[in-house]
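Here's the structure, in structure tokens; my notes come after.
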Amino acid sequence: MKFLVCISNVPDTTTKISFTPDNKEFNKAGVQFVINPWDEYALTRAIELKEANAGSTVTVLNVGEADTEPNIRKALAIGADDAIRVNAAPQDAYFVAEQIAAVAKDGAYDVILMGKESIDYNGFQVHGMVGEMLGIPTVAPAMKLDLAGTTATLEREIEGGKEIVQVSTPFVASCQQPMCEPRIPNMRGIMTARTKPLKVVPAVGEPARTQVAEFALPPKKQGVRLIDAANAGELIQLLRSEAKVI
């Protein structure tokens, strides 16, 4: 069984967000980047399934420039066998999906996993696009994944409950908790990751189909206003006219 796990390089959740002077790009200065937390569920579950199915392999795929390689090596340290980096900035969801689909098609992977979304853009788009481009099923968002031969059983979240589905390989799945407990690399994994293959390939297809017009920070929070308990009418009026919540 060949697993392809797609990972994104995202700012650490504690990062203070700022933009370039023209407000068209994220300001990377001084920012620490990490593996997208949702992708860590996909990576760990793929490794668990590889360990349970002799002869299986896990390949990590990232669409990004050279500065993403430390986190690719971290994924290799966690347990992936090899990695591929598409040498291009992840310009938009369609562009990223196009790169993933090209690699997946070329490598004839059985299971393509990724997080349900990246925590920087929260787009929830790529997995569906990849499945459509490859003409294979997509299950999203998956909370549980088991394999029996070439048949997968997945549990996914739906409004008001859960749904259990079965699908034959090949397929795409986006992952979220509680699929597994994400692993952290141990010393042996860190040492072996240095010698694992990391292949760099050029991007394919057309340039991004969308461009950022402008980024903007949310408005600063206003100070707290205290209303005397005896002035319930004033509170109601403020909630209606200023907060606009009633």
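The figures here come from the full heavy-atom set of this structure, side chains too, leaving out hydrogens, waters and symmetry mates. Quick caveat: nothing in here was measured; it's all calculated off a predicted structure.
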Are [X] and [Y] in one and the same hydrophobic cluster, where Ile, Leu, Val, Met, Phe, Trp and Tyr link if side-chain heavy atoms are under 4.5 Å apart?
X    : Y    : answer
I47  : L147 : yes
M143 : V165 : no
V103 : F3   : no
V63  : L4   : yes
M179 : M114 : no

Indicate whether the side chain of [X] and that of [Y] have a donor and an acceptor atom separated by less than 3.5 Å.
X    : Y    : result
Q166 : T153 : yes
T210 : D92  : yes
N27  : T20  : no
N87  : R85  : yes

In the structure I gave you, are the side-chain heavy atoms of [X] and [Y] within less than 4.5 Å of one another anywhere?
X    : Y    : answer
T138 : F171 : no
C180 : E48  : yes
P178 : Y41  : no
V86  : N62  : no
V204 : Q99  : yes
K105 : L134 : yes
I119 : T13  : yes
H127 : E132 : no

Given I112, I100, V201, I7, the one that forms side-chain contact (heavy atoms from CB on, under 4.5 Å) with L61: I100
Member of L154, V167, T169 meeting the side-chain contact (heavy atoms from CB on, under 4.5 Å) criterion with P137: V167
Exercise: identify the closest heavy-atom pair between [X] and [Y]:
X    : Y    : result
F95  : P207 : CD1-C, 4.5 Å
V34  : P11  : CG2-O, 4.2 Å
E98  : G205 : OE2-CA, 3.6 Å
A80  : L43  : CB-CD1, 4.3 Å
A46  : V58  : O-CG2, 3.6 Å
C175 : L113 : SG-CD2, 4.2 Å

Look at [X] together with [Y] and state whether they make a salt bridge at an N to O cut-off of under 4.0 Å.
X    : Y    : answer
R183 : E51  : yes
K162 : E157 : no
K116 : D39  : no

Atom CD1 of I184: over 12 foreign heavy atoms under 6.0 Å: no
CD/E206: more than 12 non-hydrogen atoms of other groups inside 6.0 Å: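 No, because the 6.0 Å sphere around CD of E206 holds 12 heavy atoms or fewer from other groups.
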Using modelled atom types and a 3.5 Å cut-off, is there a donor and acceptor pairing between side-chain atoms of [X] and backbone atoms of [Y]?
X    : Y    : answer
T44  : E40  : yes
K24  : A213 : yes
D106 : A102 : no
R240 : I246 : no
N36  : E117 : yes
R156 : S174 : no
K50  : G79  : yes
N71  : K74  : no
K196 : D81  : no

Distance check, rounded to the nearest 0.5 Å: [X] atom [atom1] versus [Y] atom [atom2]?
X    : Y    : atom1 : atom2 : value
N23  : E25  : CG    : CD    : 11.0 Å
C6   : Y109 : SG    : OH    : 9.5 Å
Q125 : S118 : CD    : OG    : 9.5 Å
S8   : Y121 : OG    : OH    : 11.0 Å
S56  : D110 : OG    : CG    : 8.0 Å

Candidate pair D82 and L198, rule side-chain contact (heavy atoms from CB on, under 4.5 Å), full reasoning: CA-CA 6 Å; D82 63 306; L198 196 171; over 6 Å; no
Pair Q177-W38, side-chain contact (heavy atoms from CB on, under 4.5 Å): steps then yes or no: CA-CA 8 Å; Q177 84 277 16; W38 296 118; 2.6 Å; yes
Worked verdict on L49 versus L145 for side-chain contact (heavy atoms from CB on, under 4.5 Å): CA-CA 9 Å; L49 291 169; L145 167 60; 3.8 Å; yes
Geometric class of the F26/F19 ring pair [parallel <30°, tilted 30-60°, perpendicular >60°]: perpendicular
Residues V60, I84; criterion side-chain contact (heavy atoms from CB on, under 4.5 Å); working and verdict: CA-CA 6 Å; V60 169; I84 299 170; over 6 Å; no
